[in-house]
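Worksheet for the structure shown next.
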Protein chains: 4
Amino acid sequence: MSRDSKRIPSVVKNRQLVEKRRQQIIRGACDLFVRKGFHRTTTREIARECGLSIGTMYEYIQSKEDVLYLVCDHIHSELESRLKSALAETGSGREGLTKAIAQHFRVMAEMSDDVLLIYQETKSLPGEAMSYVLKKEEEITSLFEEILQRGIRDGTLTLDPSVVKLMAHNIMVLGQMWTFRRWALKGLYTLEEYTRHQTALLLNQCIHPKTGGK
Amino acid sequence: MSRDSKRIPSVVKNRQLVEKRRQQIIRGACDLFVRKGFHRTTTREIARECGLSIGTMYEYIQSKEDVLYLVCDHIHSELESRLKSALAETGSGREGLTKAIAQHFRVMAEMSDDVLLIYQETKSLPGEAMSYVLKKEEEITSLFEEILQRGIRDGTLTLDPSVVKLMAHNIMVLGQMWTFRRWALKGLYTLEEYTRHQTALLLNQCIHPKTGGK
Amino acid sequence: MSRDSKRIPSVVKNRQLVEKRRQQIIRGACDLFVRKGFHRTTTREIARECGLSIGTMYEYIQSKEDVLYLVCDHIHSELESRLKSALAETGSGREGLTKAIAQHFRVMAEMSDDVLLIYQETKSLPGEAMSYVLKKEEEITSLFEEILQRGIRDGTLTLDPSVVKLMAHNIMVLGQMWTFRRWALKGLYTLEEYTRHQTALLLNQCIHPKTGGK
Amino acid sequence: MSRDSKRIPSVVKNRQLVEKRRQQIIRGACDLFVRKGFHRTTTREIARECGLSIGTMYEYIQSKEDVLYLVCDHIHSELESRLKSALAETGSGREGLTKAIAQHFRVMAEMSDDVLLIYQETKSLPGEAMSYVLKKEEEITSLFEEILQRGIRDGTLTLDPSVVKLMAHNIMVLGQMWTFRRWALKGLYTLEEYTRHQTALLLNQCIHPKTGGK
DNA sequence: GATGAATGAGAATTCATTCAT
DNA sequence: TATGAATGAATTCTCATTCAT
């Protein structure tokens with residue numbers, strides 16, 4: 001899934017094994033990072049958690065930061081794939097957007113911890129890896145941009161061209177918001193209510209000001 | 001300003017001195033945390049940056065985490081005070097909301113680094129301190145809730161009661177978004193454009209669909 | 001050539017193969033040891049350099065120190081054989097000594113890196129291996145002793161018997177000196193000049209003090 | 001004594017204390033390096049040997065290599081100072097040279113282990129430090145050059161100008177030879193015999209061949 | 001109150017060697 | 001015979017915190 005874990009060199013040459021072991025590492029490390037954060041997690045803990053000896057683990061990575069990169073990359077890939085497959089089943093236009101938002105919010109809720117992790121630890125990645133991760137984020141955002149564009153084209157959504165990108169970002173953020181404001185939101189709304197309200201508000205914005213809002 | 005730094009015990013008893021030294025610590029540490037993150041900053045660096053010896057610094061705090069708490073508390077207080085004083089000049093209702101949003105966004109942009117810092121390091125706070133910081137965040141959010149309520153009361157804003165709190169959170173998040181998505185947004189919009197568009201979208205939501213759409 | 005690599009046990013029994021593989025190991029390791037020193041070279045690097053897998057390499061040695069021993073032994077054997085074949089062509093007496101010195105210095109210059117290696121890493125050999133290597137050094141030294149003795153016998157060299165061994169050692173060291181002082185000597189003399197001067201000085205010593213020096 | 005240990009930064013600022021602690025470190029490390037070599041000695045062993053905690057030791061150095069530098073620098077300084085003070089008492093010309101050689105050999109014998117250490121571990125120094133150490137070696141060598149020049153000037157030594165530098169290097173090396181060939185020489189000569197013979201041989205060289213050899 | 005030297009537990013990473021295939 | 005993945009003890013270095021002066 002995360003095709004680009006190839007970027008990280010490993011001592012072990014067997015590609016299949018590398019992929020398998022890295023999945024182990026990702027699984028173990030992700031749990032720990034979510035629970036304790038990247039810096040509070042030691043490499044020995046990661047090794048223990050994923051059932052490898054410390055030496056073996058280091059045959060598959062070069063540094064602790066590599067583990068963070070693997071984890072972030074994995075989460076983004078997972079997000080992207082889930083969202084893409086969700087959007088595939090989605091119709092177009094206004095109705096499609098409604099479904100897409102619901103799927104997005106559902107994915108965010110399901111991967112709440114992981115999303116939070118990305119938001120808090122991405123800055124700990126070394127420069128190049130960070131750029132890569134941000135690019136991934138932008139790709140995902142553009143999925144929503146496309147949906148909006150299709151809606152505009154088929155006339156079910158009315159939106160000024162200059163705010164299409166902004167709306168896409170807004171949708172992304174309102175989804176993520178469920179994870180990083182859950183301490184407040186969970187007491188106020190269920191995910192369903194949250195989704196319903198936000199969707200209504202967002203759709204409200206997709207009516208051209210002149211005909212709708214004025 | 002940060003009345004609650006009193007929570008943190010200090011060896012030194014002279015209240016005034018404690019306050020002065022802690023301001024030094026906050027200033028130095030904040031810079032460093034923004035640049036390198038909490039975990040990558042050492043206590044020695046903090047001491048050097050704020051012009052105290054490491055021993056002296058420890059007369060005014062009990063642990064490195066205390067410094068993070070002081071910094072987070074300071075940033076929240078600063079945010080709150082700036083926003084409050086900005087809102088004081090603000091009229092009420094629809095127009096007031098417009099101004100409030102603009103002020104909020106301006107404050108976010110000005111304190112961009114600090115806001116980012118809070119979002120990335122709050123989770124490193126020990127339990128109690130974190131609750132305190134989150135409470136502060138909720139207080140600030142409720143400032144917007146009040147504005148919305150006033151607007152509803154004076155009839156310039158139409159909003160279902162069940163989404164008032166949600167709208168307040170949304171406004172908060174759309175402001176913060178300028179800081180944590182600046183890597184993408186800065187290339188698309190100036191702060192002024194961003195503010196204008198988001199305000200338009202938000203106001204668009206404050207008209208009840210049924211009556212407003214007409 | 002290095003008959004005594006037999007001392008080191010190997011899992012593989014085929015004598016020929018053992019000899020072939022060990023030559024590979026020596027070649028690869030020698031390069032690396034010269035470049036990085038024994039301790040800074042890893043067994044993995046040695047294996048890679050000599051085209052064997054790490055597992056295979058360990059079929060032919062028992063420990064990393066064995067590799068050092070093989071290398072040191074090889075270098076000494078090479079030195080001895082080159083010097084011996086050079087001395088074979090050499091006449092006797094004063095003239096023979098002159099040629100022998102020139103050959104010795106030439107060999108030292110050609111094997112500069114290897115000689116340096118021996119001087120810096122011999123102490124890393126385990127006790128027994130070190131004794132063996134030192135014995136080899138003594139054997140080579142005695143080649144010069146013999147030349148001197150022959151010169152004394154044929155009357156072309158005049159030298160007090162008590163300093164014959166010393167002179168032999170001196171000749172050895174002045175040759176090696178070209179390698180371990182090259183950082184200074186290369187700036188002062190070419191190898192030819194160096195050889196000419198040292199030879200003159202040495203021959204000057206081979207005149208009995210009573211008749212010559214007084 | 002080793003004025004240039006200033007080159008190595010230390011966390012501790014008190015110059016006097018730094019000097020004192022570094023003397024401790026040098027003493028302990030030197031012993032260990034002589035016994036086991038640089039690479040086989042651990043930082044913890046060094047710390048224990050010199051009576052500091054590992055943490056404290058690292059307040060006075062930046063890396064293990066710094067310790068090697070301190071040790072090498074110390075040995076060179078010691079050599080230089082001993083030799084200089086020995087040479088001060090020395091007359092000039094032929095007789096002066098005789099005494100200088102004796103002093104030099106005595107110092108070499110006394111500091112046998114240290115000299116050996118330098119010869120075997122200098123290559124482990126990082127580039128700049130190595131250059132510095134080699135410069136020191138050259139300075140010491142030039143002390144002998146001066147003695148030779150004085151002898152030539154006052155007519156008690158006859159030596160072609162082109163071999164003066166070479167002779168100086170030879171004297172240096174013949175002294176060091178007592179340390180790195182002691183495994184062979186100790187069985188053949190006492191230090192006194194060794195000194196007497198080598199001195200005779202060297203002085204023999206300081207008579208111009210044409211006039212002397214007749 | 002201020003200082004800064006001392007401490008040592010703990011962290012990341014390496015690497016010689018083994019052994020199942 | 002050949003391979004290379006697995007191992008974990010050992011190593012260097014860091015850093016929050018303390019405490020004697």
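The chains referred to below are lettered A, B, ... by the order of the sequence lines, with proteins before strands, and numbering in each begins at 1.
Distance, Glu19(A) CD to dA5(F) C1': 17 Å, rounded to whole Å. Rounded to a whole Å, the CG atom of Asp66(C) is 16 Å from the C1' atom of dT18(E). The nearest whole Å value for the distance from the CD1 atom in Ile25(B) to the P atom in dG1(E) is 14 Å. dT14(F) atom P lies 16 Å from atom OH of Tyr60(D), rounded to whole Å. One atom, CG of Asn14(D), and another, C1' of dA6(E), lie 14 Å apart when rounded to the nearest Å. Put simply, CE on Met57(C) is 13 Å from P on dT3(F), counting in whole angstrom units. Going from atom CD1 of Ile8(D) over to atom P of dC13(F) covers 13 Å, rounded to whole Å. At whole-Å resolution of the value, CD1 in Ile61(A) and P in dA5(F) are 16 Å apart.
Residues Arg35(C) and Asp113(C) are not paired through a salt bridge, judged by the lack of any N-O separation under 4.0 Å between the basic side chain and the carboxylate. A salt bridge links Glu45(A) with Lys36(A): at least one charged nitrogen is closer than 4.0 Å to a carboxylate oxygen. Checked for salt-bridge contact, Glu121(A) and Lys123(B) meet the test: a charged N lies under 4.0 Å from a carboxylate O.
Residues passing the side-chain contact (heavy atoms from CB on, under 4.5 Å) test with Lys20(C), sequence neighbours excluded: none.
No donor-acceptor pair closer than 3.5 Å links the side chain of Glu59(A) to the backbone N or O of Val12(A).
In this structure, the separation between CZ on Arg27(A) and CZ on Arg22(A) is 15.0 Å, given to the nearest 0.5 Å.
Position along DNA chain E of the nearest nucleotide to Lys13(D) versus Val11(B) favours Val11(B) as the more 5'-ward residue. Take the nearest nucleotide of DNA chain F for Gln62(D) and for Gly51(A): the residue whose nucleotide is more 5' is Gly51(A).
Contacts of Arg21(A) with the nucleic acid, taken as non-hydrogen atoms under 4.0 Å apart, involve only primed sugar atoms and P, OP1 or OP2. As judged by a 4.0 angstrom heavy-atom cut-off over every strand, Leu17(A) is placed among residues touching the sugar-phosphate backbone only.
At its two ends the helix from dA2(E)-dT21(F) to dT21(E)-dA2(F) runs along axes set 0° apart, each axis drawn from five pairs and the angle rounded to 10°.
Between Asp66(C) and Tyr60(C), every side-chain heavy-atom pair lies at or beyond the 4.5 Å cut-off. Residues Lys136(B) and Ser77(B) meet the side-chain proximity criterion, which asks for heavy atoms closer than 4.5 Å.
When all heavy atoms of Tyr69(A) and Arg7(A) are compared, the closest pair comes out as OH-CD, 3.3 Å.
Considering only side-chain atoms of Val12(C), the nucleotide from dA2(F), dG1(E), dA5(F) that sits closest is dA2(F).
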Please list each protein N or O that sits under 3.5 Å from an N or O in nucleotides 8-12 of chain F, with the distance.
| unit_1 | atom_1 | unit_2 | atom_2 | d |
| --- | --- | --- | --- | --- |
| dG8(F) | N7 | Gly55(A) | N | 3.1 |
| dT12(F) | OP1 | Lys64(D) | NZ | 3.0 |
| dT12(F) | OP2 | Thr43(D) | N | 3.0 |
| dT12(F) | OP2 | Thr43(D) | OG1 | 3.1 |
| dT12(F) | O4 | Arg44(D) | NH1 | 3.4 |

